[in-house]
There are 2 protein chains.
Amino acid sequence: MAMVGRDRVAVMVTADLVILTIRSGTLMVLLVKRDNEPFKGRFALPGGFLRDQETIEKAAARELSEETGVRAESLHLEQVRLYSDPRRDPRRPRVLTCAFLAIAPDLGDPVPGTDAQDALWSPVDAVLAGTHDLAFDHDTILADAVEQARAKLEYSTIATAFCQPQFTIGELREVYEAVWGVDVDRPNFHRKVTGSPGFVVPTGSKRQQPNGRPATLYTPGAAEVLSPPMLRTPRTRARPLSGADA
Amino acid sequence: MAMVGRDRVAVMVTADLVILTIRSGTLMVLLVKRDNEPFKGRFALPGGFLRDQETIEKAAARELSEETGVRAESLHLEQVRLYSDPRRDPRRPRVLTCAFLAIAPDLGDPVPGTDAQDALWSPVDAVLAGTHDLAFDHDTILADAVEQARAKLEYSTIATAFCQPQFTIGELREVYEAVWGVDVDRPNFHRKVTGSPGFVVPTGSKRQQPNGRPATLYTPGAAEVLSPPMLRTPRTRARPLSGADA
DNA sequence: GCAAAAGTGTTTTAGCTACACCCATGT
DNA sequence: ACATGGGTGTAGCTAAAACACTTTTGC
């Protein structure tokens, strides 16, 4: 069945999703508890099989809206890479997976899909530390996707994808702090963001926080690249590992 | 045959290679003339099918050494992304392809592989302008891979992968000029490269050019990231489209 | 008034641009 | 001598880092 002839092998392909969000200042990833073999009962990234007449992006978008209940068009979705180790999945024919990075604002508690016993947001730091021992090669995929997200904050404007439709500069700064795990200088960040054309556009209205001066509200701008980039290298003192205790 | 059951489809997977090099100051890509259907007689990127018990990286490395005659370990090879449009290949079962970017020093004239009528280095600018109308979605793949290479020169040290084992700073500068298609200020480039720890390491010997003072020879350094990055944005006057006349 | 978060001003420094200049070699 | 490419010096600018300071709200 798996051999089609000559030196070619027929395979199945899945799209697996690393859906990141920020809840109470901590970078979180959506995990599901598997309800089927293999790895039944273990935590894994949400995902599903490629269907006939469908691109892998379409498959990823379908899974994303199933898992989050939100139209995928409104969320940021991009490929990470293809994972093809023959030992990554015991099933035959072989199953390759194309990993996707999805970035979402806080969506509230998830509802388990059809092929999952459970679905929950977990702190990325804790999962990367190995607390769950994810199914398949999903620990590797998660690490790669998180690194891709961290890198993209530097030279792109996707940080706004973690925010609600309207957000304050302070909330955007908390995105960088949660994803990078560092403190960012508040005054310099404010100038950098408001001074980068097309990063954010003010709505004109303000929002009152529990404390302090009301903050100007912004929406995402048209620019996708951030040049010059936001630097994560400088002497920003690292913060304690967040989320392991949340 | 293509349907395995439920909502899953069995597919074939290929690895297609964008092998870039620089010959006489021009960025070139390796193309093969197809000897089989579909697209028989049309130019395409070299590639081949994924085999049993093999990762897609292994398949790409195998094709790369077949096409270039060089051990793939010595060349830079990285994924671009998975291409999965159901119309990209007329064959059934569906054929998805994982594109790879390979960067090589000037290797001389290629020898056609088993499933190609011909193999040749073509100027990237000319191919991107549509002179060949490549098979499948290979025009898109080429454009994506070239953009990935251009971006990587900014924040990584892979430019050395275009050079011979020993090279001069002038040769490395010609890499940037050929890939980006811009003039780079010679004195500033020299300082930037030699002042970036781990980018290049001097061998101690020098090489005499046809003209001028002998140049110090360097080998690639251990660093892979270049921080701060090399900027391609500044007021570098664009050079005329190269290669269309080569 | 005080706490807290938003937002502005200012000094210093890193790193890049632009371009003048010197060096070492072949013809 | 002079052409050619390698390599250094330097003035000026941009933008970031660091941190002091002012503004606007709730209590």
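All values below come from the heavy atoms of this structure, side chains included, with hydrogens, waters and symmetry mates left out. The sequence lines fix the lettering, A, B, ..., with proteins before strands; numbering per chain opens at 1. Note that this is a predicted model, so its numbers are computed, not measured.
- Phosphate contact (OP1/OP2 of C/dT8, side-chain N/O of A/His190, threshold under 4.0 Å): present.
- A sub-4.0 Å separation between OP1 or OP2 of D/dA15 and a side-chain N or O of A/Lys192 is absent.
- For a distance-only test at 3.5 Å, the side chain of B/Arg173 fails to qualify as a donor-acceptor partner of the base of D/dG5.
- Atom CG in B/Asp183 sits roughly 15 Å away from atom C1' in C/dT17 (whole-Å rounding).
- Atom CZ of A/Arg213 is separated from atom P of D/dT24 by 5 Å (rounded to the nearest Å).
- The CG atom of A/Leu172 sits 17 Å away from the P atom of C/dA5 (whole-angstrom rounding).
- At a threshold of 4.0 angstrom between heavy atoms, the contacts of A/Pro214 are confined to the sugar-phosphate backbone, with no base atom among them.
- Rounding to whole angstrom units, CG of residue A/Asp185 and P of C/dT10 are separated by 17 Å.
- In the interface, the side chain of B/Arg186 is not paired with the base of D/dG5 through any donor and acceptor atom under 3.5 Å apart.
- In this structure, B/Leu172 and B/Cys163 have side chains that are in contact, with non-hydrogen atoms separated by less than 4.5 Å.
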TODO: Walk me through it: do A/Tyr83 and A/Asp144 pass the test side-chain hydrogen bond (donor to acceptor under 3.5 Å, both in side chains)?
DONE: CA-CA 11 Å; A/Tyr83 293 81; A/Asp144 292 348; 2.5 Å; yes
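- Looking at B/Arg232 and B/Glu147, a side-chain N of the basic residue comes within less than 4.0 Å of a carboxylate O on the acidic one, giving a salt bridge.
- B/Phe189 has its CZ atom 17 Å from the C1' atom of D/dT8, to the nearest Å.
- The residue among A/Pro210 and B/Arg191 whose nearest nucleotide of DNA chain D lies closer to the 5′ end is B/Arg191.
- With rounding to whole Å, A/Asn188 atom CG is found 15 Å from D/dT14 atom C1'.
- Which of C/dG9, D/dA15, D/dG9 sits closest to the side chain of A/Pro228 comes down to D/dA15.
- Applying the 4.0 Å criterion to OP1 and OP2 of C/dA6, one finds that A/Thr216 has every side-chain N and O outside that range.
- For A/Arg23 and A/Asp109, the salt-bridge test passes: some basic side-chain N is under 4.0 Å from an acidic carboxylate O.
- Between B/Arg81 and A/Glu57, the shortest heavy-atom contact is NH1-OE2, 3.4 Å.
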